[in-house]
Amino acid sequence: MTLFGISIDPVLINLVVLVIKSVALIFILLTVFAYVQFIERRVIARIQVRVGPNRTGPFGLLQPLADALKAIFKEEVTPDKADKLVFTLAPALAVTTALVAFAVIPLGPPVNLFGYRLDLFIADVNIAVLYLLAVGSLGVYGIVLAGWSSNNKYALLGALRAAAQLISYEITLGLALVGVLMLSGTLSLTQIVEQQRGGWNILLQPLGFILYFIAAIAETNRLPFDLPEAETELIAGYHIEYSSIKFAFFFMAEYINMITVSSIAVTLFFGGYLGPLADGVWWFALKVLIFLFVFMWLRGTLPRLRYDQLMNLGWKVMLPLALFNILFTAGEVLLLQPNATQAVLK
C-alpha cells in the first residue's frame with residue numbers, strides 16, 4: 001500500500017489500525033462508564049423522589065470528572081496483614097477482563113474512511129461467543145483474589161458468595177445462548193447479526209433471552225443479586241478494604257460489565273446494529289442504553305434476595321428452564337431447517 005508516495009507494509013498498517021481502534025474503544029468505554037454511573041444516580045433519584053447530582057457543571061454533567069479526580073487524589077490505605085501484591089493486582093484484573101470482552105463485539109457495519117475499509121470491531125473470530133464466555137468467567141478471579149488478599153473475614157465471605165453466585169449463573173447464561181447458536185449455526189457475532197436481517201432472534205428465543213438477562217444481572221452483581229457486597233450483612237463485601245483508585249477500579253469493572261452483557265444481549269437477540277431505516281452504530285448504542293436503563297430501574301425498584309433464594313432460583317428454576325429451551329430449540333431447528341437437519345443426520 002502507498003501513502004503519500006511512500007510504500008507501507010499492509011501488515012504494519014493493520015497493526016497500527018488495530019492499536020488505534022483498541023485505544024479508542026477503551027477511551028469510549030471509560031467515558032461511557034463515567035456517564036452511565038452519573039445517569040444512574042439521576043434515574044434512581046427520580047425513582048426515589050430526590051434531586052440527584054446537579055451542582056457540578058451545567059446540569060451536573062461535570063460530576064463524573066469530579067468523582068474521578070476525588071478517587072485519584074484520595075488517600076489510599078492498604079491493610080498491614082494483606083497480601084500486598086495480590087491486593088494490588090486484583091482490581092486491575094477485574095477491570096482488564098471487563099475491557100477485553102468487548103474486542104469481538106461488532107458495534108456497527110463497516111465504514112469507509114479515506115478509502116480504507118474500517119470494521120467497527122477489534123477482531124472477528126469464529127469462536128467469538130466462546131471467547132466472551134471464557135473472558136466473562138475470568139472476571140470472578142479479581143473478586144475472589146480481592147476478598148482473599150484483604151485478610152478480612154467479611155471480604156472473604158463476600159468473595160466466596162461471588163464465586164458461588166457467578167459459577168451458578170454462568171452455567172445458565174451459557175446454556176441460554178445455546179438456542180441462538182443452534183438457530184444461527186455459527187459462533188461468529190458478525191454472522192449472527194447479519195442473519196437477523198429477516199427477523200431478530202428474540203422472536204424465536206424469548207425464553208432464552210429472559211434466562212440470559214436474569215443470569216446477566218446476577219453475573220454483574222446488581223440488585224436484586226448483589227449478595228457479594230450486601231452492606232447489611234457483610235459491611236461492603238469483597239472490596240471492604242479498598243479505597244481510592246483501587247475501589248474505583250471495582251466500580252468501573254461493574255459498570256463496564258453491565259455495558260458488555262447489554263451489548264451481548266443486543267447482538268445475539270435484538271439484531272445488533274441493524275435498524276428499521278438504516279444500519280448504524282447509533283442503533284446499537286440506543287438498544288444498549290435501553291438495557292442499561294432497565295438495570296437502573298431494577299436497582300431502584302427490587303429488594304435484595306436472600307442467599308438461599310438466589311441459589312434456589314439458579315439451580316432449581318433457571319437451569320431446568322435453560323435445558324428445556326435447548327430441547328425446544330432443537331424442535332424449532334427440525335421444523336424450520338429440515339434440510340440442514342437431514343444433512344447432519346446423514
Side-chain angles (χ1 to χ4, degrees), residues 17-18 20-44 46 59-65 68 95 98-113 117-124 128-129 131-132 135-136 177 180 188-197 199-202 209 212-213 216-217 219-220 222 251-299:
V17 171
L18 182 63
I20 292 174
K21 288 198 295 186
S22 300
V23 173
L25 181 61
I26 291 174
F27 175 78
I28 292 171
L29 283 175
L30 295 181
T31 304
V32 171
F33 141 73
Y35 279 94
V36 166
Q37 178 258 348
F38 167 74
I39 293 171
E40 180 176 44
R41 293 170 68 181
R42 295 296 297 266
V43 168
I44 293 181
R46 191 64 179 264
F59 306 104
L61 292 176
L62 294 181
Q63 186 64 47
L65 177 61
V95 172
L99 289 172
V100 299
F102 237 88
V104 297
I105 297 178
L107 306 180
V111 296
N112 289 320
L113 188 64
R117 184 179 185 273
L118 184 65
D119 294 315
L120 297 184
F121 51 76
I122 305 300
D124 179 22
V129 177
Y131 171 84
L132 289 172
V135 172
L177 301 181
V180 173
S188 170
L189 293 181
T190 54
Q191 293 181 30
I192 291 175
V193 170
E194 290 299 324
Q195 289 178 4
Q196 295 181 72
R197 291 190 179 275
W200 293 352
N201 286 330
I202 182 64
F209 165 70
Y212 168 81
F213 190 61
I217 297 173
E219 285 282 297
T220 52
R222 298 279 300 182
F251 206 58
M252 189 185 306
E254 177 181 317
Y255 280 85
I256 295 177
N257 282 327
M258 282 172 53
I259 299 170
T260 301
V261 298
S262 299
S263 301
I264 295 172
V266 167
T267 302
L268 294 179
F269 293 98
F270 289 90
Y273 52 79
L274 303 180
L277 299 177
D279 304 337
V281 67
W282 54 85
W283 284 117
F284 180 86
L286 177 62
K287 296 172 187 177
V288 170
L289 286 175
I290 292 173
F291 273 98
L292 292 175
F293 175 77
V294 174
F295 272 99
M296 301 170 191
W297 188 6
L298 294 176
R299 181 182 175 184

Fill in: Selection residues 255-277 - residue pairs positive for salt bridge (charged side-chain N to carboxylate O under 4.0 Å, His left out), sequence neighbours left out
none

Fill in: Tyr35 atom OH, over 12 foreign heavy atoms within 6.0 Å
yes

Discussion item. On a heavy-atom basis, which atom in Ile217 and which in Leu298 lie closest, and how many Å separate them?
Written reply: CD1-CD1, 3.4 Å

Worksheet item: Do Phe269 and Phe291 have ring centroids that are under 6.0 Å from one another?
Response: no

Worksheet entry | Check: Val111 and Asp119 side chains under 4.5 Å, non-hydrogen atoms | no

Discussion item. For the backbone of Ala265 and the side chain of Lys287, can you confirm whether one donor and one acceptor N or O come within less than 3.5 Å of each other?
Written reply: no

Item to complete: Go through Phe270 and Phe284 one step at a time and tell me if the ring-ring contact (aromatic ring centres under 6.0 Å, His included) criterion holds.
Response: CA-CA 9 Å; Phe270 289 90; Phe284 180 86; over 10 Å; no

Worksheet, complete the sentence: One should read off an interatomic distance between Ile105 CD1 and Ile259 CD1, to the nearest 0.5 angstrom, of 10.5 Å

Discussion item. Before you tell me yes or no, could you show the steps for Val266 and Trp200 under side-chain contact (heavy atoms from CB on, under 4.5 Å), namely the whole-Å CA-CA distance, both residues' side-chain angles and the distance that decides it to 0.1 Å?
Written reply: CA-CA 10 Å; Val266 167; Trp200 293 352; over 6 Å; no

Item to complete: Report the C-alpha separation of Lys21 and Leu120 in whole Å, then their side-chain angles, then the decisive distance to 0.1 Å, and conclude whether the side-chain contact (heavy atoms from CB on, under 4.5 Å) test is met.
Response: CA-CA 8 Å; Lys21 288 198 295 186; Leu120 297 184; over 6 Å; no

Worksheet item: Listed by chain and number, what are the side chain to side chain donor-acceptor pair (under 3.5 Å) partners of Tyr273, not counting sequence neighbours?
Response: Glu194

Response to the item:
Ala98 and Thr260 have their tightest heavy-atom pair at O-OG1, 3.7 Å

Worksheet item: Looking only at heavy atoms, which two atoms of Ala128 and Ser188 are closest? And how far apart?
Response: CB-CA, 4.5 Å

Practice prompt. Determine, step by step, whether Val32 and Ile256 satisfy the side-chain contact (heavy atoms from CB on, under 4.5 Å) criterion, reporting the C-alpha distance in whole Å, the side-chain angles of both residues, the deciding distance to 0.1 Å, and the verdict.
Written response: CA-CA 9 Å; Val32 171; Ile256 295 177; over 6 Å; no

Worksheet item: Is the charged tip of Arg42 near the ring of Phe59: under 6.0 Å from the six-membered ring centre and within 45° of its axis?
Response: no

Worksheet item: How many angstroms lie between CG in Leu132 and CG in Leu177, if you round to the nearest 0.5 Å?
Response: 9.0 Å

Fill in: Donor-acceptor under 3.5 Å (Trp283 side chain, Ala278 main chain)
yes

Worksheet item: Roughly how far apart are Asn112 CG and Leu118 CG, rounded to 0.5 Å?
Response: 9.0 Å

Discussion item. Quick check for you: to the nearest 0.5 Å, what is the distance between Arg222 atom CZ and Arg299 atom CZ?
Written reply: 5.5 Å

Discussion item. Testing the 3.5 Å rule here: is there a donor-acceptor pair between the side chains of Asn257 and Thr220?
Written reply: no

Item to complete: Using the side-chain contact (heavy atoms from CB on, under 4.5 Å) rule, take Met296 and Ile39 through it: C-alpha gap first, then chi angles, then the decisive distance, then the call.
Response: CA-CA 9 Å; Met296 301 170 191; Ile39 293 171; 4.1 Å; yes

Worksheet item: Quick one: OG1 on Thr31 to CD1 on Ile26, what's the gap to the nearest 0.5 Å?
Response: 11.5 Å

Worksheet item: Quick one: are Leu30 and Met252 in side-chain contact, heavy atoms under 4.5 Å?
Response: yes

Worksheet item: Looking at Ile122, Leu189, Asp124, which one forms a side-chain contact (heavy atoms from CB on, under 4.5 Å) with Pro106?
Response: Leu189

Item to complete: Answer whether the closest heavy-atom distance between the side chains of Asn201 and Ile192 falls below 4.5 Å.
Response: yes

Item to complete: For the residue pair Phe213 and Val294, establish whether any side-chain heavy-atom pair is separated by less than 4.5 Å.
Response: yes

Practice prompt. Check for a donor-acceptor pair, side chain of Glu40 on one end and backbone N or O of Leu292 on the other, with a separation under 3.5 Å.
Written response: no

Worksheet item: Are any of the side-chain heavy atoms of Ile264 and Val129 separated by less than 4.5 Å?
Response: no

Worksheet item: Parallel, tilted or perpendicular: which describes the rings of Phe33 and Phe251, with under 30° parallel and over 60° perpendicular?
Response: perpendicular

Worksheet item: Atom CG in Leu277, atom CH2 in Trp282: separation rounded to 0.5 Å?
Response: 10.0 Å

Item to complete: Determine, using ring centers only, whether Phe121 and Phe102 are less than 6.0 Å apart.
Response: no

